[in-house]
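Presented below is the structure to which this report refers.
Below, chain A is the first sequence line, B the second, and so on; all start at residue 1.
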2 protein chains.
Amino acid sequence: MTRPRSRRGGGRPTIADVARKAGVGAITVSRALREPGRVSEDLRRQIQAAVDELGYVPDPNARALASARAEVFGVLVPSLTNNVFAEVVRGIYDSLSDSPFRIQIGNTHYSGLEEERLLQVFGSQRPAALIVAGIDQTPSARRLLENAGCPVVQVMETGPDPVDMMVGFSHFDGGRTATEHLLQAGYRRIGFIGARMDPRSQRRLAGYRAAMEAAGLFDPRLVTTTPVPSSVSLGRELFRDALAKMPTLDGVFCNNDDIALGVLFECHRASIDVPKQIGIVGFNDLDMMQVSFPSITSVRTHRYEIGTRSVAMALAAIAGNPPKQRILDLGFELVRRESTAR
Amino acid sequence: MTRPRSRRGGGRPTIADVARKAGVGAITVSRALREPGRVSEDLRRQIQAAVDELGYVPDPNARALASARAEVFGVLVPSLTNNVFAEVVRGIYDSLSDSPFRIQIGNTHYSGLEEERLLQVFGSQRPAALIVAGIDQTPSARRLLENAGCPVVQVMETGPDPVDMMVGFSHFDGGRTATEHLLQAGYRRIGFIGARMDPRSQRRLAGYRAAMEAAGLFDPRLVTTTPVPSSVSLGRELFRDALAKMPTLDGVFCNNDDIALGVLFECHRASIDVPKQIGIVGFNDLDMMQVSFPSITSVRTHRYEIGTRSVAMALAAIAGNPPKQRILDLGFELVRRESTAR
DNA sequence: CAGACAAATGGTAGCGCTACCATGATTGGG
DNA sequence: CCCAATCATGGTAGCGCTACCATTTGTCTG
């Protein structure tokens, strides 16, 4: 005789308990839960009753081990506090909340090495799908993604060579559009102010530069950047640096909205008239851009939608219908406001 | 003879492969990886070599199943985009990045029902620890936490009756302190403006009310709240409502910094002098509070630290040394700035 | 130097679930 | 009315790992 029932597990009901109580085989319980269509109405009801009575909850670990597939979406973002990624993640969560999939977020801290490490960790679980921010994976990270054995969606940007699928937009075009808007509004000595300067910021800068060069107005001294993480207060400081370096500045395209807000505050403080003396354009169009005084022109990006669409694509691929369009460009919109209306 | 080696798993190296290659038993490999001290120097080296050569990565699902314990921290927060929780989560991630623990975040959307559901899901994995925001769990959620069989840390607030451990501060005291500061600065018709009004906001409101009543100045018409989620633009609207309702308002204590910023912008727009005509106090002390013009007085909370401390406590409990102080009050600090300096 | 004990290693038996392959019952076409 | 093709169900054998209990060897004590 075996030990009474003091399983190592700790006595939670198992599928075998449910099967016994419902008078069916364990496998039938498993099927009733995962593919109800394949079990007769009668048994399904019996099984459900047993599940309810026992309070049975399937063990996801056992499930993952037996099926060689965990019901987990791995998500890799470079920052948890940056509102931009938080919105993407929120979109992912909302899209997955009614599914059996759990979500595991990794924070790469903008580090390729950390990304590799996390990919290794995530991959070891055999996730159902991977969603990663950015398209600049290290060669080794890329290899990990290619061999992940699950759908992979790169988000935030679009580029020519997806590992699998992509959802995002062109940061280069965003930067160029923002800058062209300032040019059209009549600004000439337009600076670029950027913090963090991750690859996406670099491409926005490149877009800025392209627009300025096309207008014959580019000057390297107009560019003020730092690798330091972005913040409103940093925006203020960078703007002061920029002004000190280039007092004739009459416009700025900011890396993101935090920086733009910092610039606006410094303008208030220094009694610089916006938009008369300085035009300001931000990037992402956070809620506060429409409320500030003056309101700030910004490039609206569809962050939440990037999250929801990436999940939709991954889910379709899991279901066996990978979208034929593997690259989804959600674009952006320039939202003109008071900060550039002169 | 069994099938060549086409295991269902997909051919990744397993612990048995490593053991074979290193010429030891599987159990010894397992030990070498988890408790290196219990394996001799020699074998440890051999095993490490085999691991490296094969590129072996342990399967966390198998591990969790065999040991009845997943190396997962479950984290439940009401919002992913609210900077406050994002900071807590960041603290949790940073504290856990060098540990073997994975993190799983659940978004409760401020819903008790959703919290129960997620607790059920998380519990089914037998997590190593649970960190949940707030102290107002439903009775059934509380029962789930009590029976989780792992350390539990309630974060963001302190209260009298922890499930297990607690890290946070008193929102009531925070609200009272903010309001008393406005009173001391000479403001009299001080309004409360709040969005979302989750339990923590309610307690800040209660603190406001206590201070106002103590000064004999409380008037229900001074309170403007909405269940709508907080945002800068909402702050502006609520302030306009408050002013319409009570034109003699001379100060506002805002639910949070977003609201405060919205109030400030509306003051700019309506040419209301801050701090002369209106004093403003925010809550949380986000970076932008110090940069705005005028800078905004706020109650600084230690969000990142709440994250790191909660992990430290959970880790200690896992290691078998639960802290004797089960409630950790990290306090807050009133940061006086221009918005209340008259 | 016997006996006790610790340290290092290994074998066996699951953890709770599902893939895979039966099995028996039912259908339906010729 | 037979045989194939389906459907509903179940048994068995793992998935990859670790808990538990040996076993072996070396070391210490009296």
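- Residues A:Val153 and A:Val311 fail the side-chain proximity criterion, which asks for heavy atoms closer than 4.5 Å.
- Residue pairs meeting the salt bridge (charged side-chain N to carboxylate O under 4.0 Å, His left out) criterion with at least one member in residues 304-317 of chain B, sequence neighbours excluded, are B:Glu305-B:Arg309.
- Rounded to an integer number of Å, the gap from CZ of B:Arg45 to C1' of C:dT9 is 18 Å.
- Identified under the salt bridge (charged side-chain N to carboxylate O under 4.0 Å, His left out) test for residues 95-109 of chain A, with sequence neighbours left out: none.
- Within residues 50-62 of chain A, no residue has any heavy atom closer than 4.0 Å to DNA chain D.
- Atom CD1 in B:Ile15 sits about 6 Å away from atom C1' in D:dC17, given to the nearest Å.
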Could you pull out all donor-acceptor pairs under 3.5 Å where a side-chain atom in residues 317-327 of chain B meets a protein atom, sequence neighbours excluded?
{"unit_1": "B:Gln325", "atom_1": "NE2", "unit_2": "B:Ile327", "atom_2": "O", "d": "3.3"}
{"unit_1": "B:Arg326", "atom_1": "NE", "unit_2": "B:Asp164", "atom_2": "O", "d": "3.1"}
{"unit_1": "B:Arg326", "atom_1": "NH2", "unit_2": "B:Asp164", "atom_2": "OD1", "d": "2.4"}

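- The closest side-chain heavy-atom distance from A:Val57 to A:Arg12 is not below 4.5 Å.
- Closest to the side chain of B:Thr14, out of D:dC17, C:dT18, D:dT18, is D:dC17.
- Rounded to whole Å, atom P of C:dC17 lies 13 Å from atom CD1 of A:Ile47.
- Every residue two or more places apart in sequence or in another chain was checked for a salt bridge (Lys or Arg N to Asp or Glu O under 4.0 Å) with A:Arg69, and none qualifies.
- Relative to the axis of its first five pairs, the axis of the last five pairs of the helix from C:dC1-D:dG30 to C:dG30-D:dC1 sits at 30°, rounded to 10 degrees.
- Side-chain N/O atoms of B:Arg34 include one lying less than 4.0 angstrom from OP1 or OP2 on D:dA19.
- Residues B:Pro151 and B:Met165 have side chains in contact (heavy-atom distance under 4.5 Å, counting atoms from C-beta outward).
- In this view, B:Tyr304 satisfies the ring pair (Phe, Tyr, Trp, His ring centres under 6.0 Å) rule with no residue, not counting sequence neighbours.
- Here the CZ-CD1 distance, from B:Phe85 to B:Ile306, works out to 9.5 Å after rounding to the nearest 0.5 Å.
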Mind listing the side-chain donor-acceptor pairs of residues 49-56 of chain A below 3.5 Å, one per line with the distance, residues two or more places apart or on another chain?
{"unit_1": "A:Asp52", "atom_1": "OD1", "unit_2": "A:Gln48", "atom_2": "NE2", "d": "2.9"}
{"unit_1": "A:Glu53", "atom_1": "OE2", "unit_2": "A:Lys21", "atom_2": "NZ", "d": "3.3"}

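- Distance, A:Arg20 CZ to C:dG16 P: 12 Å, rounded to whole Å.
- Regarding A:Leu65, its CG atom lies at a distance of 11 Å from the P atom of D:dT18, rounded to whole Å.
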For nucleotides 4-11 of chain D, list the nitrogen or oxygen atoms of the protein found under 3.5 Å from its nitrogen or oxygen atoms, one pair per line.
{"unit_1": "D:dT9", "atom_1": "OP1", "unit_2": "A:Ser40", "atom_2": "OG", "d": "2.9"}
{"unit_1": "D:dT9", "atom_1": "OP2", "unit_2": "A:Ser40", "atom_2": "N", "d": "2.7"}
{"unit_1": "D:dT9", "atom_1": "OP2", "unit_2": "A:Ser40", "atom_2": "OG", "d": "3.3"}
{"unit_1": "D:dG10", "atom_1": "OP1", "unit_2": "A:Gly25", "atom_2": "N", "d": "3.4"}
{"unit_1": "D:dG10", "atom_1": "OP2", "unit_2": "A:Gly25", "atom_2": "N", "d": "2.9"}
{"unit_1": "D:dG10", "atom_1": "OP2", "unit_2": "A:Thr28", "atom_2": "OG1", "d": "2.4"}
{"unit_1": "D:dG10", "atom_1": "N7", "unit_2": "A:Arg31", "atom_2": "NH2", "d": "2.9"}

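- When side chains are defined from C-beta on, B:Phe122 does not count as touching B:Leu144, because their heavy atoms never get closer than 4.5 Å.
- If you measure from atom CD of A:Glu71 to atom P of C:dC17, you get 13 Å, rounded to the nearest angstrom.
- Atoms CZ (B:Arg44) and P (C:dA7) sit 15 Å apart, rounded to a whole Å.
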Considering only nitrogen or oxygen atoms on both sides, find all protein atoms under 3.5 Å from nucleotides 22-25 of chain C and state each distance.
none

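- In this structure, B:Asp42 places its CG atom 18 Å from P of C:dA7, rounding to the nearest Å.
- The ring pair (Phe, Tyr, Trp, His ring centres under 6.0 Å) check on B:Tyr110 picks up nothing, with sequence neighbours excluded.
- For the side-chain hydrogen bond (donor to acceptor under 3.5 Å, both in side chains) test, residues two or more places apart in sequence or in another chain that qualify with B:Glu146 are B:Arg142.
- A 4.5 Å side-chain heavy-atom check between A:Arg117 and A:Gln120 finds every atom pair outside the cut-off.
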